[in-house]
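Data first, discussion second: the structure below is written as structure tokens.
Just the heavy atoms: all of them, side chains too, but no hydrogens, waters or symmetry mates, feed the values below.
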Amino acid sequence: MAARDRYNVQREDKAGTGYVDFIFYPYQENDDCLILELKVDHTPEEAIEQIKRRQYALKFAGTLGDGRKRYQGRILAVGIGYSKKTKQHQCKVEVLQE
């Protein structure tokens with residue numbers, strides 16, 4: 001199963017106070033929401049800090065007509081850092097909202 005089977009994947013989407021690298025909108029309201037930030041020569045922690053600082057998770061705010069939250073799943077921040085020098089990457093996932 002591919003991500004596009006469960007998510008509407010948007011690249012460089014306007015979110016919060018900037019543009020997020022990738023945002024995964026779940027087709028099913030109970031699935032997890034994903035915010036992905038990529039960094040070169042920075043740590044995954046720095047990528048996640050950017051997600052928080054720029055409030056990218058606001059893209060998942062809002063309610064349906066009956067008052068339920070639009071998205072019921074967790075909101076996950078995914079930070080990936082890539083080192084040009086070592087050609088290695090690191091990844092970290094943090095739950096922003098249960």
Where S83 and D41 come nearest, the two heavy atoms and their spacing: CA-OD1, 3.5 Å
Under the salt bridge (Lys or Arg N to Asp or Glu O under 4.0 Å) test, residues paired with E94 that sit two or more places apart: K52
Minimum heavy-atom distance between A15 and Y56, given as atom pair plus value: O-CD2, 3.3 Å
Step-by-step side-chain contact (heavy atoms from CB on, under 4.5 Å) determination, L34 to I23: CA-CA 6 Å; L34 304 169; I23 195 160; over 6 Å; no
Pairing residues for Q72 by the side chain to side chain contact (heavy atoms under 4.5 Å, CB included) criterion, not counting sequence neighbours: E29, N30, R68, K69
Listed once per pair and sorted, the ring-ring contact (aromatic ring centres under 6.0 Å, His included) pairs that draw on residues 25-44, sequence neighbours left out: Y25-F60
Any side-chain heavy-atom pair of F24 and Q10 under 4.5 Å: no
Flag if over 12 foreign heavy atoms under 6.0 Å of CD, Q28: no
Cluster check L36, L58: I/L/V/M/F/W/Y, side chain < 4.5 angstrom: no
Approximate separation, where rounding is to 0.5 Å, of C91 SG and L38 CG: 9.5 Å
Verdict with reasoning, F22 to V78, per side-chain contact (heavy atoms from CB on, under 4.5 Å): CA-CA 10 Å; F22 289 93; V78 180; over 6 Å; no
Set of residues satisfying side chain to side chain donor-acceptor pair (under 3.5 Å) with respect to T17, sequence neighbours excluded: none
Reported CD1-to-OG1 distance for the pair I80 and T43, which is rounded to 0.5 angstrom: 12.5 Å
Counterpart residues, side chain to side chain donor-acceptor pair (under 3.5 Å), relative to R53 (two or more places apart): none
Worked check of side-chain contact (heavy atoms from CB on, under 4.5 Å) between D32 and Y7: CA-CA 10 Å; D32 292 336; Y7 292 93; 4.2 Å; yes
Heavy-atom pair with the smallest gap, counting every atom of A47 and G79: CB-CA, 3.7 Å
Intermediate values then yes/no, side-chain contact (heavy atoms from CB on, under 4.5 Å), E37 and V20: CA-CA 6 Å; E37 186 65 29; V20 63; 4.1 Å; yes
Test item: L76 and V95 side chains (from C-beta on) under 4.5 Å apart, heavy atoms: yes
By side chain to side chain donor-acceptor pair (under 3.5 Å) - contacts of D21 (at least two apart): none
Under 3.5 Å side-chain donor-acceptor pair for Q50 and K39: yes
Taking every non-hydrogen atom, the tightest pair across R70 and K59: NH1-O, 4.4 Å
